[in-house]
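Below: one structure, written as structure tokens.
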Amino acid sequence: VRTEVNALGGRVLLDNQPGAGARFTLLLPLTTAITHVVLLRTGATLYAVPANLVDIVLRVKPEQIASAAHSLHIDYGDASLPFYWLGALLGQSGQSSEPFGKSVPVVVIRSATQRVAIQVDEVVGNREVVVKNLGPQLSRVPGLAGISVLPSGDAALIYNPVALASVYGADAVSRMQTALLAPVPQAALAEQATPTTDGAQPAQPIVKPVAAPRSAAPLILVVDDSITVRRVTQRFLVRNGYLVQLAKDGLDALEQLQQTSTLPDVILLDIEMPRMDGFDLTRNIRADARLHKLPIIMITSRIADKHRNYAAQLGVNHYLGKPYSETELLQLIQEFAAQAAQPA
């Protein structure tokens, strides 16, 4: 109890009177409270929503997301709910910059009698967090309920999206509509549908994915189910001049690799992950003619020879046990990235 109270900035007092018993007094600061939140990610930033406001998390097909972005509404049950991209409500962007997977997370938020549907890049999960009051400077910011510090050291703002929509909804709609009207690169339209034998065009044009202009900096894909590991590794690599792409598990990484035409130069891969572990992802990559040459550095706490040998059999290029040397990792990345840059 004392440890938990001290962690909250409080203290425990003991008053012991012989023959009269003992009295324990727990003193807690009034400026903190513990609450359950759901962490949501847009881009590289995490935000929190009080768990009691989350009605349900939906997995929506990309074509339904595209339709909802145009109509600004999405059907849920027997109701049509206002639809927003969370980044638009927060004044960041009009649409997600991440490629869609097989489904897109949409969170239905309920506050009093109002409900809205919010598209995000990822639902990270539930957390119990200590909430710090915002103070007089930020207490009047619409929709902002508090702030918390995550185990990674990052600050997470706690929002009520329904309140955000009521105040900033019109601005968010404008950002979303502007993003929809953004011009499509001409290269993306280079391959249209082939005319049929009678000269008619098919109903839907065929468009191939187009590679974005490649930066001089190598791109590193970090695959780990720990958000702390992903963030720490991302910061380390960015400081050393690399571009970083993140995946929360093997299945997420495989979907990203299959949906992009710009492949990473090196993959940093954990073993133990939900849905698809590092071994299964390696097996899928090596079996794919388009992906099989990607360099894979496996970074894991499993350091037994049987795991190393199995990884080598699957085609892992290098195996690092935790903790590892950052200097060694940078040297390996540099070597593999240089090999990937060489013409086939």
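- Every residue two or more places apart in sequence or in another chain was checked for a salt bridge (charged side-chain N to carboxylate O under 4.0 Å, His left out) with Arg231, and none qualifies.
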What side-chain donor-acceptor pairs closer than 3.5 Å can you find for residues 315-324, not counting sequence neighbours?
| from | atom 1 | to | atom 2 | distance (Å) |
| --- | --- | --- | --- | --- |
| Asn317 | OD1 | Arg286 | NH2 | 2.9 |
| Asn317 | OD1 | Ile296 | N | 2.8 |
| Tyr319 | OH | Arg302 | O | 2.4 |

Side-chain donor-acceptor pairs under 3.5 Å in residues 64-73, sequence neighbours left out?
| from | atom 1 | to | atom 2 | distance (Å) |
| --- | --- | --- | --- | --- |
| Gln64 | OE1 | Lys61 | N | 3.2 |
| His70 | ND1 | Ala66 | O | 2.8 |
| Ser71 | OG | Ser67 | O | 3.2 |
| Ser71 | OG | His73 | N | 3.4 |
| Ser71 | OG | His73 | O | 3.0 |
| His73 | ND1 | Ser71 | O | 3.3 |

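- Interatomic distance, Tyr76 OH to Leu81 CG, rounded to the nearest 0.5 Å: 8.0 Å.
- Comment: Glu326 does not engage Arg239 in a salt bridge, judged by the lack of any side-chain N to carboxylate O separation of less than 4.0 angstrom.
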_Chi angles and distances behind the side-chain hydrogen bond (donor to acceptor under 3.5 Å, both in side chains) call for Trp85, Thr42_ = CA-CA 9 Å; Trp85 155 243; Thr42 61; over 6 Å; no
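- Within 6.0 Å of atom CD in Gln334, 12 or fewer heavy atoms from other residues, nucleotides or ligands are found, so the atom counts as exposed in its surroundings.
- Residues Asp55 and Arg110 are paired through a salt bridge, judged by an N-O separation under 4.0 Å between the basic side chain and the carboxylate.
- Shortest non-hydrogen contact noted between Leu263 and Leu257 is CD2-O, 3.9 Å.
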*Asp280 and Asp277: side-chain contact (heavy atoms from CB on, under 4.5 Å), yes or no, with the steps?*
CA-CA 6 Å; Asp280 285 337; Asp277 65 18; 3.4 Å; yes
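- In this structure, the separation between CG on Asp121 and CG on Leu246 is 11.0 Å, given to the nearest 0.5 Å.
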*asked:* Using the rule given for side-chain contact (heavy atoms from CB on, under 4.5 Å), can you reason through Ile147 versus Val131, listing the C-alpha separation, both sets of side-chain angles and the distance that settles it, and then say yes or no?
replied: CA-CA 6 Å; Ile147 189 172; Val131 182; over 6 Å; no
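- Between the side chains of Gln256 and Asp252, at least one donor-acceptor pair of N or O atoms lies under 3.5 Å.
- The side chain to side chain contact (heavy atoms under 4.5 Å, CB included) test with Leu40 singles out one residue from Val54, Val124, Val123, and that residue is Val123.
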